[in-house]
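What follows is a short report on a single structure.
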Number of protein chains: 2
Amino acid sequence: MRIGELSQLTGASIRSLRYYEQQGLLKSDRSDSGYREYNLTAVEQVKTIRFYLSLGLTTEEISGFLTCVMKNKEAFCQEILPIYRQKMAELDAQIGLLTGIRANLAERITSILEENEGSDKS
Amino acid sequence: MRIGELSQLTGASIRSLRYYEQQGLLKSDRSDSGYREYNLTAVEQVKTIRFYLSLGLTTEEISGFLTCVMKNKEAFCQEILPIYRQKMAELDAQIGLLTGIRANLAERITSILEENEGSDKS
DNA sequence: ATAAACCCTGACATTAGTGTCAGAGTCAAG
DNA sequence: CTTGACTCTGACACTAATGTCAGGGTTTAT
């Protein structure tokens with residue numbers, strides 16, 4: 001199939017499919033005229049890529065284990081666990097940061113509301 | 001004082017101070033030679049800017065109430081509460097997203113560890 | 001008066017994936 | 001053979017604050 005069909009079957013934009021290829025995540029044959037040609041396994045592969053992207057992994061990280069997970073169960077791929085753990089650490093750091101900011105913000109909102117008590121015309 | 005001194009007194013880089021000015025958050029007089037000249041109140045102002053930035057507000061949002069909070073108590077500035085609330089909503093959305101991803105990731109890690117039980121050579 | 005330290009503007013880079021456009025070639029159906 | 005739909009590459013845009021560099025002027029201390 002050509003790239004338009006693959007795009008429709010996977011939900012990935014044509015632009016994204018070309019980008020995945022550029023990042024080494026997706027291979028394509030070329031027709032005589034230079035059109036990309038995909039076989040059916042590409043559909044699964046793209047869905048897999050998009051799933052890992054949705055977990056917050058980067059294309060570079062995904063490229064480290066994609067070939068393995070396309071052939072085996074995830075648990076078989078040793079490369080994946082350290083990446084998961086690192087991503088967890090990043091997530092925890094980010095969530096912690098945002099949660100701290102949130103608490104700060106909540107406190108300021110409360111403080112403003114309290115200060116405006118009694119002088120609130122509405 | 002000139003920009004280098006303001007930078008040292010506030011912890012903001014010279015680049016950032018120029019950026020704040022470009023965004024309309026900071027004003028400066030100019031000497032005959034074109035050097036920026038600041039008075040002492042600039043120190044407080046820059047610290048205030050940096051504080052709001054650390055709360056996750058953008059320079060554009062800050063510009064909406066900075067003049068007011070430099071002159072009054074925060075609670076007096078009506079512009080600030082809706083911005084705080086919107087930022088809270090954004091934070092909650094972002095935290096929720098990351099938390100969901102984190103749960104997904106944690107589940108996958110657990111699943112991998114379970115699948116590798118008993119066949120784990122280490 | 002000269003060197004070192006300071007300041008100026010303008011510009012490009014950074015992140016990471018995606019949107020979008022231009023200009024050109026290809027394919028399919030009529 | 002023509003038209004419309006498809007595809008190609010390459011490039012710029014985006015977010016937002018900051019780093020950094022180049023090329024040039026200024027101030028200060030010696």
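Please read these numbers as outputs of a predicted model, since none were measured by experiment. In what follows, every chain begins at residue 1, and chains take the letters A, B, ... in the order their sequences are listed.
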Examine the base of C:dC6 for any acceptor or donor lying under 3.5 Å from a partner atom in the side chain of B:Tyr35, and report the outcome as yes or no. yes
Under 4.0 Å from OP1 or OP2 of D:dT27: is there any side-chain N or O of B:Ser33 that close? yes
Return the value, rounded to whole Å, for the distance between atom CG of B:Leu17 and atom C1' of D:dT18. 12 Å
If you draw a 6.0 Å radius around CD in A:Glu21, do more than 12 non-hydrogen atoms from other residues or ligands fall strictly inside? yes
Let's see if you can work this out: which of D:dG19, D:dC6, C:dG17 has an atom nearest to the side-chain heavy atoms of B:Ser16? D:dG19
So does A:Arg15 reach the base of C:dT18 with its side chain, donor to acceptor, closer than 3.5 Å? yes
Using a strict cut-off of less than 4.0 Å between a Lys/Arg side-chain nitrogen and an Asp/Glu carboxylate oxygen, indicate whether A:Arg2 and A:Glu37 qualify as a salt bridge. no
What's the closest nucleotide to the side chain of A:Arg50 if the choices are D:dC8, D:dT18, C:dT18? C:dT18
By nearest-heavy-atom nucleotide on DNA chain C, the more 5' of A:Gln23 and B:Glu37 is B:Glu37
Looking for any heavy atom pair under 4.0 Å, which part of the strands does B:Arg18 touch: base, sugar-phosphate only, or nothing? base
To the nearest Å, give me how far apart CD (B:Glu21) and C1' (C:dT9) are. 12 Å
Interatomic distance, B:Glu60 CD vs D:dT15 P [rounded to whole Å]: 10 Å
For the atom pair CD (A:Glu107) and CD1 (A:Ile112), what is the distance rounded to the nearest 0.5 Å? 11.5 Å
By nearest nucleotide on DNA chain C, pick out whichever of A:Thr59 and B:Gly34 is the more 5' one. B:Gly34
Is B:Gln78 atom CD crowded by more than 12 heavy atoms from other residues, nucleotides or ligands, each under 6.0 Å away? no
Over how many whole Å does the gap from A:Ile14 atom CD1 to C:dT20 atom P extend? 12 Å
Euclidean distance, atom CG of residue A:Asp32 to atom P of C:dG25 [Å, nearest integer]: 17 Å
Classify B:Ser31 by what it touches in the nucleic acid, base, sugar-phosphate, or nothing, heavy-atom distance under 4.0 Å. nothing
A:Tyr52 and A:Tyr84 aromatic ring geometry - parallel, tilted or perpendicular at 30°/60° bounds: tilted
Under 4.0 Å between a side-chain N/O of B:Arg30 and OP1 or OP2 of D:dT26, yes or no? no
Looking at C:dG17, does its base get a donor-acceptor pair with the side chain of A:Tyr20 below 3.5 Å? no
So does B:Arg2 get a side-chain nitrogen or oxygen closer than 4.0 Å to the phosphate oxygens (OP1/OP2) of C:dC6? no
What is the distance, to the nearest angstrom, from the CG atom on A:Leu53 to the C1' atom on C:dT15? 14 Å
Check this for me: does any side-chain nitrogen of one of A:Arg102 and B:Asp92 sit under 4.0 Å from a carboxylate oxygen of the other? yes
Is B:Tyr19 close enough to D:dG19 that one of its side-chain N or O atoms is under 4.0 Å from OP1 or OP2 there? no
Expressed in angstrom and rounded to an integer, what is the separation of B:Ile3 atom CD1 from D:dT27 atom C1'? 16 Å
A:Tyr38 OH to D:dT7 P, in whole Å, measures 10 Å
